[in-house]
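Everything below concerns the one structure shown next.
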Amino acid sequence: MSKFSSNGSQDAPGSHFPESLRLRLSEDLHLTGKAKRTHDGYIRAVRQLSDFAGCSPDQVNEQHVRQFFLRLKSDRNFASGLVRAAFSGIKFFFTHTCKRDWEIIKMLKLQNLTTLPEVLTIEQGHRRRARLGPCPSWQGSQGPVCAAADDDRSTSAKLLGQSPALLPAVSG
């Protein structure tokens, strides 16, 4: 995020985020069991919103949040993962630390990027295994080609709910 706020002024990053409020957010994150990287990302997102609005995060209004996300999604072309992380941090702040019942938090929808794992039929598994070349063992210690075959076999077995030992071995 740039050092420029929504009103065009230039301030040092974090200069609008009081230490007492940052500490309270940090404690709330700790109490809810968030991981360190999540903790850091959420604090960064709230600081960026504060910098954007040019005021303390507890003084930010709904319009600031709206403009902040419009800027991230449109003007700055942030990757959806970064927008999602910022949204999660800001949502946490306004639902746990500085409780606000805002429509913008309810309204914001982010693109869902979940993908399903590739599921192979037995025949597709055999063809994939054949493309990998000869493999003297399924133990994974025979080099990268065999390790890849092991990964494919283990993944297929997990998806089928079977042990890799129960899947038929394919000779190269």
Does the Thr38 side chain pair with the main chain of Lys34, one donor and one acceptor, at a distance under 3.5 Å? no
Any residue meeting ring-ring contact (aromatic ring centres under 6.0 Å, His included) with Phe92, in chain and number order, not counting sequence neighbours: Tyr42, His96
Grab the two heavy atoms, one from Lys99 and one from Thr95, that are nearest each other, plus how far apart they are. CG-O, 3.7 Å
For Glu19, the salt bridge (charged side-chain N to carboxylate O under 4.0 Å, His left out) test, sequence neighbours excluded, returns Arg22
Which atoms form the tightest heavy-atom contact between Val46 and Gly89, and what is the distance? CG2-O, 3.8 Å
Ile43 and Leu29, any side-chain heavy atoms less than 4.5 Å apart: yes
First locate atom CG of Leu72, then atom CD of Gln48, and finally report the distance between them rounded to the nearest 0.5 Å. 7.5 Å
Please round to the nearest 0.5 Å and tell me the distance separating atom CG of Asp28 and atom NE2 of His39. 10.0 Å
Calculate, to the nearest 0.5 Å, the distance between atoms CD1 and CD belonging to Ile105 and Glu62 respectively. 8.0 Å
Do you know which two heavy atoms are closest between Ser50 and Cys55, and how far apart they sit? OG-O, 2.7 Å
I need the minimum non-hydrogen distance between Ser15 and Asp51, along with the two atoms involved. N-OD1, 4.1 Å
Residues at least two apart in sequence or cross-chain that pass salt bridge (charged side-chain N to carboxylate O under 4.0 Å, His left out) with Asp58, listed by chain then number, are none
Lys/Arg N to Asp/Glu carboxylate O, Asp40 vs Arg44, below 4.0 Å: no
As an exercise, state the distance from CG of Leu21 to CD of Gln59, rounded to the nearest 0.5 Å. 9.5 Å
Measuring from Leu31:CG to Arg24:CZ, what's the distance to the nearest 0.5 Å? 10.5 Å
Report the distance from atom CZ of Phe94 to atom CZ of Arg100, rounding to the nearest 0.5 Å. 6.0 Å
Tell me the closest heavy-atom pair linking Phe52 and His64, and the distance in Å. CE2-O, 3.7 Å
Is it the case that more than 12 heavy atoms not belonging to Lys36 sit under 6.0 Å from its NZ atom? no
Return yes if some donor-acceptor pair links the side-chain N/O of Thr121 with the main-chain N/O of Gln124 below 3.5 Å, else return no. yes
Here the pair of heavy atoms bringing Met107 nearest to Arg66 is CE-NH1, 3.6 Å
Classify the angle between the aromatic ring planes of Phe69 and Phe87 as parallel (below 30°), tilted (30 to 60°) or perpendicular (above 60°). perpendicular
